Amino acid sequence: MPSEESRPVLPITNVAQVAILVPDLDAAMKNFWERFGVGPWSVYTYDKKFVPNQNRRGQPTRYASRIGLANIGDLRIELIQPLEGDTVYSEFIEKHGYGVQHLGVLTQSMKDSVAAAERAGFSVTMDGSGFGLDGDGAYAYLDTEDLVGITFEFIERPKGRHAPEYIYPSPDAADAKA
């Protein structure tokens with residue numbers, strides 16, 4: 001491993017997502033919508049069926065969480081309610097409680113980004129892939145929390161996304177508020 005002085009920098013140039021761990025996804029979405037006008041939210045369950053390739057510290061595993069996705073301008077907000085499994089989420093909650101857990105950085109090539117992270121001295125703590133319509137789409141969390149107080153996540157968005165399980169609020173309610 002390269003020394004601290006010779007280790008390459010891992011450039012973070014654009015944060016596309018802020019992720020917040022919550023104990024109750026529905027209550028959190030309701031609060032964001034009613035108090036701040038953030039939404040509507042697309043809701044998914046990220047389990048083994050939806051994300052077939054799940055790893056924790058490089059080993060295949062099984063975990064599940066419910067997530068809500070909405071935008072504030074160009075910034076995506078991701079609310080995450082962990083459901084089961086040993087995850088970066090459960091680890092964070094145990095150490096810090098609920099709150100902002102990671103910043104997401106978009107990449108066109110997960111393989112290249114993970115290789116750059118490893119050259120810079122960071123390992124992947126949890127990853128998943130295969131949630132797009134064509135089996136594409138991937139994410140990888142890096143072990144950056146102890147260094148900078150936050151986890152960075154690489155996100156390779158799928159070309160096509162599955163329809164959400166539901167939208168909150170319902171499209172009719174969202175139109176009425178607008």
Side-chain angles (χ1 to χ4, degrees), residues 15-36 38-72 75-107 110 114 123-146 149-158 160-171 173-174:
V15 172
Q17 178 192 83
V18 174
I20 305 165
L21 299 177
V22 299
D24 181 330
L25 179 64
D26 295 311
M29 292 185 301
K30 182 176 191 248
N31 286 334
F32 268 91
W33 176 250
E34 291 181 357
R35 301 302 303 258
F36 305 106
V38 175
W41 296 87
S42 296
V43 178
Y44 299 89
T45 300
Y46 274 43
D47 56 11
K48 192 74 167 174
K49 179 180 165 192
F50 190 75
V51 182
N53 305 308
Q54 299 179 336
N55 297 290
R56 179 79 161 116
R57 296 184 182 97
Q59 299 299 313
T61 192
R62 177 181 292 273
Y63 52 80
S65 58
R66 290 180 64 224
I67 70 163
L69 301 172
N71 283 20
I72 299 176
L75 181 66
R76 177 165 287 167
I77 304 297
E78 179 181 40
L79 301 177
I80 303 169
Q81 177 187 342
L83 298 175
E84 65 182 14
D86 171 31
T87 63
V88 294
Y89 318 131
S90 58
E91 185 178 289
F92 182 90
I93 292 165
E94 186 176 306
K95 286 164 89 174
H96 309 288
Y98 294 94
V100 175
Q101 184 265 336
H102 72 262
L103 301 177
V105 178
L106 298 180
T107 180
M110 185 62 67
V114 167
S123 61
V124 172
T125 57
M126 188 172 100
D127 64 276
S129 64
F131 55 90
L133 287 174
D134 296 324
D136 58 346
Y139 54 86
Y141 296 94
L142 304 178
D143 65 339
T144 58
E145 183 186 327
D146 289 343
I150 193 88
T151 295
F152 282 105
E153 174 197 29
F154 287 133
I155 304 165
E156 187 178 295
R157 288 189 175 151
R161 187 175 266 287
H162 292 277
E165 294 166 22
Y166 65 96
I167 304 286
Y168 178 85
S170 68

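What you see is a predicted model; the values in this text were computed from it and never measured.
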Residue set satisfying side chain to side chain donor-acceptor pair (under 3.5 Å) with N53, at least two apart, ordered chain then number -> S129

Examine the side chains of E145 and H102 and answer whether a donor and an acceptor come within less than 3.5 Å of each other.
no

R66 CZ to L83 CG distance, which is reported to the nearest 0.5 Å
7.0 Å

In chain order, what residues pass the side chain to side chain donor-acceptor pair (under 3.5 Å) check against Y139, with sequence neighbours excluded?
Y63

Decide yes or no on side chain to side chain contact (heavy atoms under 4.5 Å, CB included) for L21 and I93, but give the supporting numbers first.
CA-CA 8 Å; L21 299 177; I93 292 165; 3.8 Å; yes

To check you understand the geometry: which heavy-atom pair defines the closest contact between Y89 and S65, and what is its length?
CE1-OG, 4.1 Å

Would you please name every residue forming a salt bridge (Lys or Arg N to Asp or Glu O under 4.0 Å) with D146, sequence neighbours left out?
K95

How many angstroms lie between atom CG of D24 and atom OH of Y98, to the nearest 0.5 angstrom?
9.5 Å

So with a 6.0 Å cut-off around CZ of R62, is the heavy-atom count from everything else above 12?
no

If I compare all heavy atoms of I167 with all of S42, which pair ends up nearest, and what's the gap?
CD1-OG, 3.6 Å

Compute whether any side-chain donor of one residue and acceptor of the other, for T125 and D143, lie under 3.5 angstrom apart.
no

Would you mind writing out the side-chain donor-acceptor pairs for residues 130-138 within the sub-3.5 Å range, not counting sequence neighbours?
from: D136; atom 1: OD2; to: K159; atom 2: N; distance (Å): 2.8

Would you indicate whether the side-chain heavy atoms of L79 and I67 approach each other to under 4.5 Å?
no

Start with the C-alpha gap between Y44 and L69, add the side-chain angles, then the distance that decides, and say whether side chain to side chain contact (heavy atoms under 4.5 Å, CB included) holds.
CA-CA 8 Å; Y44 299 89; L69 301 172; 4.0 Å; yes

Output yes when a side-chain donor or acceptor of S90 lies under 3.5 Å from a complementary backbone atom of E84, and no otherwise.
no

I need the minimum non-hydrogen distance between V114 and A140, along with the two atoms involved.
CG2-CB, 4.2 Å

Stepwise side chain to side chain contact (heavy atoms under 4.5 Å, CB included) test for V105 and I155:
CA-CA 6 Å; V105 178; I155 304 165; over 6 Å; no

Is there a donor-acceptor pair closer than 3.5 Å between any side-chain N or O of E156 and the backbone N or O of M110?
yes

Looking only at heavy atoms, which two atoms of V100 and F92 are closest? And how far apart?
O-CZ, 3.2 Å

Is there a ring-ring contact (aromatic ring centres under 6.0 Å, His included) between F32 and Y168? Walk through the geometry before answering.
CA-CA 11 Å; F32 268 91; Y168 178 85; over 10 Å; no

Please evaluate residues L25 and V43 with respect to the criterion side chain to side chain contact (heavy atoms under 4.5 Å, CB included), reporting the C-alpha separation (whole Å), side-chain torsions for both, the decisive distance (0.1 Å), and the verdict.
CA-CA 9 Å; L25 179 64; V43 178; 3.9 Å; yes

Test your reading of the model: is there a side-chain donor-acceptor pair from Y46 to the backbone of I80, 3.5 Å cut-off?
no

Name all residues meeting the side chain to side chain donor-acceptor pair (under 3.5 Å) criterion together with E91; count only those two or more places apart in sequence or in a different chain, and write none if there are none.
R56, R57

For E78, does its backbone N or O pair with a side-chain atom of Q17 as donor and acceptor, under 3.5 Å?
no

Using 0.5 Å steps for rounding, measure from the OG1 atom of T87 to the CE atom of M126.
5.5 Å

So which heavy atom on I150 is nearest to which on T144, and how close?
O-OG1, 2.8 Å

Determine which pairs satisfy salt bridge (charged side-chain N to carboxylate O under 4.0 Å, His left out) with at least one residue from residues 41-50, sequence neighbours left out, and list them in order.
none

Does F50 reach the side chain of E165, with side-chain heavy atoms less than 4.5 Å apart?
no

Shortest non-hydrogen pair, I77 vs I72, comes out as CG1-CD1, 3.7 Å

